[in-house]
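Taking it in order: structure first as structure tokens, then the write-up.
Per chain, numbering begins at 1; letters A, B, ... match sequence-line order.
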Amino acid sequence: MLDLRLIRNDPDSVRAGLARRGEDLAALDRLVELDAEQRTLTAERDALRAEIRSLSNQVGALHRDQRADEAAALQEESRALGQQEKDLDARCDEVALAVRDILLRLPNLPAVDCPDGGGEADNVVVRVEDHDAAGYADHQRVPHWEVGEQLGILDVERAVKLSGSMFVMYRGAGAALVRALCQLAIDRNVDLYEEVRPPTLVRTDTLVSTGHLPKFVDEAYHLERDDLWAIPTAEVPLTSLHRDELLDEADLPRRFVAHTSCFRREAGSAGKDTRGLLRVHEFDKVEILALGTPEQAADLHAEILGRAEGLIRDLGLVHRVLDLCAGDIGNSAARTFDIEVYAPGVDQWLEVSSVSWFSDYQARRANLRYRPESGKGTEVLHTLNGSALAVPRVWAALVETHRTPDGTIRIPEPLRPYLQPYLVGDGPFR
RNA sequence: GGAGAGGUGCCGGAGCCAGGUCGAACGGGCCUCCCUGCUAAGGAGGUGUGGGGGCAACCUCACCGUGGGUUCGAAUCCCACCCUCUCCGCCA
């Protein structure tokens, strides 16, 4: 949520920021009008309330002095004001609701150093690991769904029987690999990040806080009977963990790492990436997230990116980092770096992590504030997060990249301790 | 799911079942000052958040789980909902 004061005091800079995203500015113009109207109306209403309160106090005093007849006159006067107040109040609520509705749907402003551009093509490649696209052997050019089927470690067909298309099932060593990846990702971050196992079903407010609602309702699974939503990422519960709290600056930054299932309807992508693990409705992900002061944000952003990138590198996967342009960053983000992994079997770069800085956009929605060490008052926090590891795509890239000529998978060093039982005998893993 | 109890400020806890000057007694904590060689003890004062207005001192509105209602006036009365706790039932 943008700062209404900023919109009021400097609408041009907000307009410019939204324009960089390619956002329609009509809503903003409407918002500016409504905000002015709201302030006029509430000022009138508050004056009426003050008057009613003053009259009521006089009525009380008169009754104590046994002057009921005089009180009756004042009561009558106050009753009339009360009717006016009621009407004004209704209009205030109406306008306030309209203001909030627009405010909740306006995206964040891109950071000043976020590259310009309208779409995917304008993203800036920050770095690419050396790799020779022609240098892959034939045995690496097999898509992971074929590899998975050959080795009996991925059973898409039966998953579809259970749950429908875009659901998957890992089996045997494949299931163990999921578990190993998650545990590795957590273990590498618990030095600094508090391990959390949050609920995966959350209330509406929780999804509003991160910006997933109200704009992206169609992307989320909703359990109607209980009015709960399945989280699309651990970012959702972690961002709300300190919701409506006032933290001390001394306790910042706060860092969390969480492994959860993630649920996405993928409503807008029907027919896209339907094979294999590239796009699924339910998957495992280890997310790292930080809450900090505005001054801490840049360092935290670099830290999270470094950690996500380091893990991918240590898994022996070829990757690149993109600085997403203003037209391609997510709704809530001010700046985002994507990490993409090269999967030779499908010959695609797969997005495996979005490392985002949300400035105060989510924090304002979630009412995440801190008390500065120096000076009085309260400040709005900044939130940042990124996937430490998103299982399906990493699983896919790993199985394709590390496939050996005999069809088995060479497990990279960091994962080996977690897969001991599967590294003996003539199983699929070596 | 059934029965009961309860949700008040940083914390504890009054006020509510006699509606009025209650943003809220009292205690604790915390901050400032005084006292003291230091600390403790003791003394004085202060200590919420958000909106609107003002250069400022300050003024004003809202907030006693949430949302409605009654009333000139609601933390206090009425209704609905949410949450917590205890017991019973059920269950991994």
State whether a side-chain donor-acceptor pair under 3.5 Å links [X] with [Y].
X	Y	answer
A/Y370	A/D251	no
A/R197	A/H259	yes
A/E340	A/H319	no

Can you tell me the Watson-Crick or wobble partner of [N], both distances under 3.5 angstrom?
N	answer
B/A5	B/U84
B/G20	B/C72
B/C64	none
B/G12	B/C26
B/A56	none
B/A44	B/U32

Sequence-aligned protein contact record of nucleotides 52-63 of chain B, with B where the base is within under 4.0 Å of a protein heavy atom and S where only the sugar-phosphate is: SS------SSS-
Contact letters for nucleotides 69-85 of chain B, in which S counts primed atoms plus P, OP1 and OP2 and B counts the base, heavy atoms under 4.0 Å: ---BS---------S--
Beyond-backbone contact of A/L181 with A/L315, side-chain heavy atoms, under 4.5 angstrom: yes
For [X] and [N], what is the distance between atoms [atom1] and [atom2] respectively, to the nearest whole Å?
X	N	atom1	atom2	answer
A/L88	B/G51	CG	P	21 Å
A/D205	B/G67	CG	C1'	14 Å
A/N367	B/G50	CG	P	9 Å
A/D244	B/U66	CG	P	11 Å

5' precedence on RNA chain B between A/D93 and A/L246 (nearest-nucleotide basis):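 Closest to the 5' end, via its nearest nucleotide, is A/L246.
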Steps toward side chain to side chain donor-acceptor pair (under 3.5 Å) verdict (A/Q362, A/E235): CA-CA 11 Å; A/Q362 293 182 325; A/E235 164 190 345; 2.8 Å; yes
[N] and [M]: how far apart are their [atom1] atoms, nearest whole angstrom?
N	M	atom1	answer
B/C63	B/U8	C1'	12 Å
B/G9	B/A75	P	15 Å
B/C77	B/A5	P	15 Å
B/C55	B/G19	P	45 Å
B/U36	B/G43	P	16 Å
B/G29	B/C81	C1'	35 Å
B/U60	B/G54	C1'	11 Å
B/U32	B/G23	P	30 Å

Phosphate contact (B/C10 OP1 or OP2) by A/R371 side-chain N/O below 4.0 Å: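 Negative; the distance criterion is not met.
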Parallel, tilted or perpendicular: ring planes of A/Y221 versus A/H281, cut at 30 and 60 degrees: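 A/Y221 and A/H281: perpendicular rings.
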B/A5: syn or anti, per glycosidic angle within 90° of 0: anti
Distance (rounded to the nearest 0.5 Å) between A/I312 CD1 and A/L389 CG: 5.5 Å
Electrostatic pair A/R105:A/D101 at N-O distance under 4.0 angstrom: yes
Derivation and outcome, side chain to side chain donor-acceptor pair (under 3.5 Å), residues A/S13 and A/D10: CA-CA 6 Å; A/S13 79; A/D10 191 5; 3.1 Å; yes
Sequence neighbours excluded and cut-off under 3.5 Å, please list the side-chain donor-acceptor pairs for residues 323-336 of chain A, or say none.
unit_1	atom_1	unit_2	atom_2	d
A/D323	OD1	A/R335	NE	3.2
A/D323	OD2	A/R335	NH2	2.5
A/D328	OD2	A/N123	ND2	2.9
A/N331	OD1	A/K215	NZ	2.8
A/N331	ND2	A/Y361	OH	3.3
A/S332	OG	A/T210	O	2.8
A/R335	NH1	A/D113	OD2	3.4
A/T336	OG1	A/S356	OG	2.8

Check: A/W395 ring centre within less than 6.0 Å of A/Y170 ring centre: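 A/W395 vs A/Y170: aromatic centres under 6.0 Å.
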